[in-house]
Amino acid sequence: MKDEKFPIGVFDSGYGGLTVLSEFFKELPEYDFYYLGDNARSPYGTRSYETVYNYTLQAVKKLFSMGCQLVILACNTASAKALRSIQQKDLPKIDPSRRVLGVIRPSVEAIGSFTQTNHIGVLGTNGTIVSNSYPLEIKKIFPEIIVHQEACPMWVPLVENSEHQGPGADYFIEKNINALLSHEKQIDTIILGCTHYPLLMEKIKKYVPGHISIISQGKIVAESLKDYLNRHPEMEKKCSKNGQHKFFTTESPEVFTQRAKVFCEQLSSVEHVDLGTPDRIKH
Ligand code: DGL
């Protein structure tokens, strides 16, 4: 065990985390990654705290059982609703030397360099917006920034069901962006606070005026992971580096392969995994 090395685990409710994973491949090409998408139970965005926590914990435990020492929740909803409990309550019991990191903190740390007006917009799932994670985290680092939020409950289902390029997508994207921009004229920066949303970028750009910067998280999170590994040699030396990737889904591997290859060019072997029944509802 002493010198054994393992892939870095990346988790999302579905396909969205692939937008983050693709940036990991660019930023950290030598590292091995396992990607786990809980496509069978996606979307998480409208689910309760307890459900998102239970599902996310199951996924983290699965990646741990595959050997991963470091797991990235490439999902804002899971980062908002489950990360803190897993870090504070579960990790000390499971294995205090392992780590689970999210996507909200690194995105928030980067935001200050984008806005001139100090008015930023956040688009996210219902769960992420209701959790207030972005305003709370932004306030800690940039108290001068005013955050305007809008939940976009239909955007993830559009992606998960391969409807993101259809006319139905235009309807919901225009509606939610107009709602966000009606909060405040001075918004000059919009964070896509859901890892699925970069897959809708073409259409988002159609409805966002050109002077507003649209920030997606993939590159920011990838740079932050690289920095984390530099600052934590004890974790870095446990990560295997053969440039290999494996994908796992709770749905059918054939469906995952078909849909995911549109989002991730470097898609390799895909296997089905079963996450079992969450502890709380076991009989
Ligand atoms: N990609 C997830 C996020 O970043 C989507 C959540 C969902 O399944 O609704 O929030």
Side-chain angles (χ1 to χ4, degrees), residues 9-24 35-60 71-84 86 100-108 110-111 121-135 137 149-164 169 172-173 176 190-201 204 214-222 224-225 247 249-251 256 259-260 262-264 275 278:
V10 180
F11 168 69
D12 181 47
S13 62
Y15 299 111
L18 295 172
T19 62
V20 177
L21 186 69
S22 303
E23 296 296 331
F24 288 170
Y35 182 86
L36 170 53
D38 190 8
N39 302 79
R41 302 188 296 198
S42 174
Y44 280 12
T46 46
R47 295 188 187 274
S48 68
Y49 267 88
E50 194 179 7
T51 303
V52 173
Y53 163 67
N54 281 325
Y55 287 1
T56 305
L57 182 59
Q58 281 185 298
V60 166
V71 171
I72 312 298
L73 302 184
C75 175
N76 289 266
T77 311
S79 301
K81 291 184 153 187
L83 179 62
R84 185 162 305 181
I86 291 176
V100 181
L101 305 174
V103 287
I104 294 180
R105 184 72 191 201
S107 310
V108 164
I111 199 66
V122 177
L123 297 169
T125 66
N126 246 6
T128 300
I129 300 304
V130 170
S131 76
N132 243 358
S133 297
Y134 274 95
E137 289 297 324
Q149 305 194 88
E150 191 65 34
C152 311
M154 291 304 292
W155 292 18
V156 172
L158 286 166
V159 173
E160 289 290 311
N161 292 290
S162 298
E163 285 291 340
H164 54 291
F172 289 107
I173 291 170
N176 292 132
I190 294 178
I191 307 182
L192 302 184
C194 172
T195 55
H196 279 69
Y197 296 176
L199 302 168
L200 299 160
M201 188 60 111
I204 293 171
I214 307 168
I215 314 297
S216 48
Q217 301 171 298
K219 197 166 158 33
I220 293 169
V221 176
S224 162
L225 176 59
F247 296 79
T249 175
T250 53
E251 249 297 340
F256 184 92
R259 294 191 181 167
V262 182
F263 312 135
C264 183
L275 299 183

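In each ligand, atom 1 is the first atom listed, and ligand 1 is the first ligand listed.
- Using modelled atom types, one side-chain atom of N76 and one backbone atom of G193 make a donor-acceptor pair closer than 3.5 Å.
- Annotation: the span from I129 atom CD1 to Y134 atom OH amounts to 8.5 Å, rounded to 0.5 Å.
- We find the CG-OG distance between L192 and S107 to be 10.0 Å, quoted to the nearest 0.5 Å.
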Does ligand 1 have any N/O atom under 3.5 Å from a protein N/O, and what are those pairs and their distances?
residue, atom, partner, partner atom, Å
ligand 1, 1 (N), D12, OD1, 2.9
ligand 1, 1 (N), T195, OG1, 2.7
ligand 1, 1 (N), H196, ND1, 2.7
ligand 1, 4 (O), N76, N, 2.8
ligand 1, 4 (O), N76, ND2, 3.1
ligand 1, 4 (O), T195, N, 2.9
ligand 1, 4 (O), T195, OG1, 3.3
ligand 1, 8 (O), S13, OG, 2.5
ligand 1, 8 (O), Y44, N, 2.7
ligand 1, 9 (O), Y44, N, 3.2
ligand 1, 9 (O), G45, N, 2.7
ligand 1, 10 (O), N76, N, 3.4
ligand 1, 10 (O), T77, N, 3.1
ligand 1, 10 (O), T77, OG1, 2.7

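- Note that CZ of R47 and OG of S42 are 8.0 Å apart. Values are rounded to the nearest 0.5 Å.
- Although no hydrogens or angles enter the test, the distance criterion places a donor-acceptor pair under 3.5 Å between the side chain of S131 and the main chain of T128.
- Atom-to-atom distance recorded for H164:NE2 and I204:CD1 is 11.5 Å, nearest 0.5 angstrom.
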